[in-house]
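Let me begin by presenting the structure, written as structure tokens, before commenting on it.
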Amino acid sequence: MEQRVVLITGCSSGIGLSLAVQMASDPAKTYKVYASMRNLAKKERLLEYVKGFHKDTLDIIQMDVTDQQSIQDAKEKITENRVDILVCNAGVGLMGPLETLSQDTMRQILDVNLLGTIRTIQTFLPGMKTRRRGHVLVTGSIGGLQGLPFNELYCASKFAVEGVCESLAILLQHFNIHVSLIESGPVNTHFLSNLRRSESGDAALLQVDPLTRDLYDTYLQHCSSVFHSAAQDAQDIVQVFLEAIQSPSPSLRYYTNSALLPLTSRKLAMHDGSQYIRAMSKLIFSSSGPEDP
Ligand SMILES: NC(=O)C1=CN([C@@H]2O[C@H](COP(=O)(O)OP(=O)(O)OC[C@H]3O[C@@H](n4cnc5c(N)ncnc54)[C@H](OP(=O)(O)O)[C@@H]3O)[C@@H](O)[C@H]2O)C=CC1
Ligand SMILES: CC1=C(/C=C/C(C)=C/C=C/C(C)=C/C=O)C(C)(C)CCC1
């Protein structure tokens with residue numbers, strides 16, 4: 001049977017790397033994986049994982065999702081001249097009080113997470129439409145479904161990606177193209193160490209009022225304990241990707257961690273949003289307690 005051609009962005013580490021390794025190592029050689037990364041100097045880690053298995057199932061190519069020319073060049077390296085499964089996974093985190101974020105930092109996050117995802121889809125969508133076949137998968141986040149304090153820009157980028165995918169999914173039904181978001185909570189990857197903080201770092205933080213600084217400290221402690229105690233492994237996320245990829249009728253959303261669902265449904269339980277805000281505030285800041293108005 002003809003191999004299914006897969007392009008994955010952000011394969012230098014984390015979820016992208018694990019997904020590329022798993023798909024390229026499929027014993028039936030079902031997939032031809034183009035594992036893309038913005039910096040090919042980082043390809044050794046991926047090569048170590050696949051060892052000798054990859055000759056006809058893996059190609060590592062350069063692709064920076066913030067650079068349209070680099071996406072175009074990557075497209076031209078796909079010898080099959082088609083992509084059946086497109087995985088938009090590249091992304092960066094950003095944490096810090098909103099008022100400390102520089103214009104450049106905010107632009108960079110939106111450029112990678114939102115516009116990078118859009119550019120990638122724009123480039124490969126026309127081919128899928130012509131062939132009336134394709135599956136676009138995007139690494140979504142709890143931060144795309146509900147607000148997280150001190151993650152305003154990151155959440156804005158991931159909420160926006162939800163809007164792009166949900167809107168496209170309605171249209172693309174007419175082209176037999178599926179869109180799926182793989183919604184993850186915390187995952188043990190390089191995400192936390194790679195995440196951007198405010199450009200001007202500690203100096204900007206010192207300008208912020210003391211209550212915000214205290215709450216930020218509490219959040220950072222909470223976040224690191226959540227990542228240590230409840231984070232999933234990239235391999236768990238890969239299993240959910242494969243479930244979506246192998247489904248004859250893929251859904252728009254897949255949740256990697258059922259523990260997230262109660263919080264997500266709180267958001268919808270009261271239409272004015274108050275229940276979710278109260279629950280999340282209590283979970284994260286319970287010891288600090290909100291000040292009386
Ligand atoms: N880890 C988590 O807790 C969660 C992560 N996610 C999402 O998962 C996705 C993957 O992150 P994860 O594996 O966790 O973290 P990693 O930091 O390990 O991986 C991120 C990948 O994105 C790449 N990347 C960053 N900027 C660009 C760019 N301009 N062009 C191409 N690639 C780029 C990185 O490359 P480089 O090495 O060059 O920086 C890296 O390969 C992201 O979209 C993230 O938002 C969602 C929910 C939870
Ligand atoms: C408090 C709390 C949570 C906090 C999650 C956090 C802080 C997640 C951060 C996620 C990031 C940064 C994702 C990136 O894509 C959970 C686990 C939802 C549920 C239990 C209570």
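Any value given below was found using the heavy atoms of this structure, including those in side chains, with hydrogens, waters and symmetry copies removed. Counting convention: from 1, in listed order, for ligands and their atoms alike. Everything numeric here is computed off the predicted structure, so don't read it as measured data.
Around CD of Glu80, the count of heavy atoms belonging to other residues, nucleotides or ligands within 6.0 Å exceeds 12. At most 12 heavy atoms of other shown residues, nucleotides or ligands fall within 6.0 angstrom of atom NZ in Lys43. More than 12 heavy atoms of other shown residues, nucleotides or ligands fall within 6.0 angstrom of atom CZ in Arg119.
Those atoms of ligand 2 that come under 4.0 Å of a heavy atom in Ile142, given as number and element, are 10 (C), 18 (C). Below 4.0 Å from some heavy atom of Phe227 lie the following atoms of ligand 1, by number and element: 3 (O). The contact set between ligand 2 and Tyr154, taken as ligand atoms under 4.0 Å from a residue heavy atom, comprises 14 (C), 15 (O). Annotation for ligand 2: atoms under 4.0 Å from non-hydrogen atoms of Ser141 are 13 (C), 14 (C), 15 (O). Each of the atoms 12 (C), 14 (C), 15 (O) of ligand 2 lies under 4.0 Å from some heavy atom of Phe191. Residue-ligand proximity, Ile284 to ligand 2, at heavy-atom distances under 4.0 Å covers atoms 1 (C).
Note on ring orientation: taking the six-membered ring where Trp is involved, the planes of Phe150 and Tyr216 are tilted (angle from 30° to 60°).
Assignment of Val112 to the shell around ligand 1 is supported, since a heavy atom sits closer than 4.0 Å. Residue-ligand proximity: Lys42 is placed with a non-hydrogen atom under 4.0 Å from ligand 1. Heavy-atom separations between Cys88 and ligand 1 are all 4.0 Å or longer. The closest approach between Lys158 and ligand 1 falls below 4.0 Å for a heavy atom of the residue.
No side-chain donor-acceptor contact under 3.5 Å links Asp104 and Ser102. Neither side chain, Gln239 nor Thr256, offers a donor N or O lying under 3.5 Å from an acceptor on the other. Residues Ser70 and Gln62 have side chains that bring a donor and an acceptor to within less than 3.5 angstrom of each other. Side chains of Gln235 and Gln22: a donor-acceptor N/O pair is present below 3.5 angstrom, by distance only.
The residue from Gly185, Ser141, Ser70 that puts a heavy atom closest to atom 48 (C) of ligand 1 is Gly185. Summarising the contacts of atom 10 (C) of ligand 2 with Asn151, Leu148, Val187, the nearest heavy atom is found in Leu148. Distances from atom 20 (C) of ligand 1 to the heavy atoms of Gly116, Gly10, Gly91 show the closest one on Gly91. The nearest non-hydrogen atom to atom 28 (C) of ligand 1, considering only Leu192, Asp64, Thr256, Ile182, comes from Asp64. Looking at Ala90, Ser18, Gly16, Gly14, it is Ala90 that brings a heavy atom closest to atom 33 (C) of ligand 1.
Within the structure, salt bridge (charged side-chain N to carboxylate O under 4.0 Å, His left out) contacts touching residues 127-154 (residues at least two apart or in different chains) are Asp84-Arg133.
At the top of the distance list for atom 12 (P) of ligand 1, counting protein heavy atoms only, stands Thr189 OG1, 3.4 Å. Looking from atom 7 (C) of ligand 1 to the surrounding protein, the closest heavy atom is Thr139 CG2, 3.6 Å. Protein heavy atom at the shortest distance from atom 4 (C) of ligand 2 is Met280 CE, 4.0 Å. Pro186 CG, 4.0 Å is the protein heavy atom nearest to atom 8 (C) of ligand 2. Ranking protein heavy atoms by distance to atom 16 (P) of ligand 1, first place goes to Ser13 OG, 3.5 Å. For atom 6 (N) of ligand 1, the closest heavy atom belonging to the protein is Tyr154 OH, 3.8 Å. Scanning all protein heavy atoms for the shortest distance to atom 21 (C) of ligand 2 gives Leu283 CD1, 3.5 Å. The closest protein non-hydrogen atom to atom 43 (O) of ligand 1 is Asn89 O, 2.8 Å. Atom 17 (C) of ligand 2 has as its closest protein heavy atom Val226 CG1, 3.9 Å. For atom 1 (C) of ligand 2, the nearest non-hydrogen atom of the protein is His222 NE2, 2.9 Å. Of all protein heavy atoms, the one lying nearest to atom 7 (C) of ligand 2 is Tyr219 OH, 3.4 Å. In terms of protein heavy-atom proximity, atom 35 (O) of ligand 1 is closest to Ser12 OG, 3.3 Å. The closest protein non-hydrogen atom to atom 46 (C) of ligand 1 is Gly140 O, 3.3 Å. Considering only non-hydrogen protein atoms, atom 19 (C) of ligand 2 sits nearest to Leu263 CD1, 3.6 Å. Among all protein heavy atoms, the one lying closest to atom 17 (O) of ligand 1 is Asn194 ND2, 2.8 Å.
The shortest heavy-atom contact between Met128 and Val83 is CE-O, 3.6 Å. Closest heavy-atom contact between Leu58 and Ala24: CB-CB, 3.9 Å.
Gln108 places none of its side-chain heavy atoms less than 4.5 Å from the side chain of Thr66.
Taking OG from Ser141 and CD from Glu162, the interatomic distance works out to 8.5 Å, rounded to the nearest 0.5 Å. Atom CD1 in Ile118 sits 4.0 Å away from atom CG in Leu114 (nearest 0.5 Å). A distance of 5.0 Å separates OG of Ser180 from CG of Leu137, quoted to the nearest 0.5 Å.
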Q.
Working note: Lys77 + Asp59, criterion salt bridge (Lys or Arg N to Asp or Glu O under 4.0 Å); need CA distance, chi angles, decisive distance, verdict.
A. CA-CA 9 Å; Lys77 294 206 179 81; Asp59 214 336; over 6 Å; no
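For the pair Ile15 and ligand 1, the shortest N or O to N or O distance falls below 3.5 Å.
No donor-acceptor pair closer than 3.5 Å links the side chain of Ser247 to the backbone N or O of Ala244.
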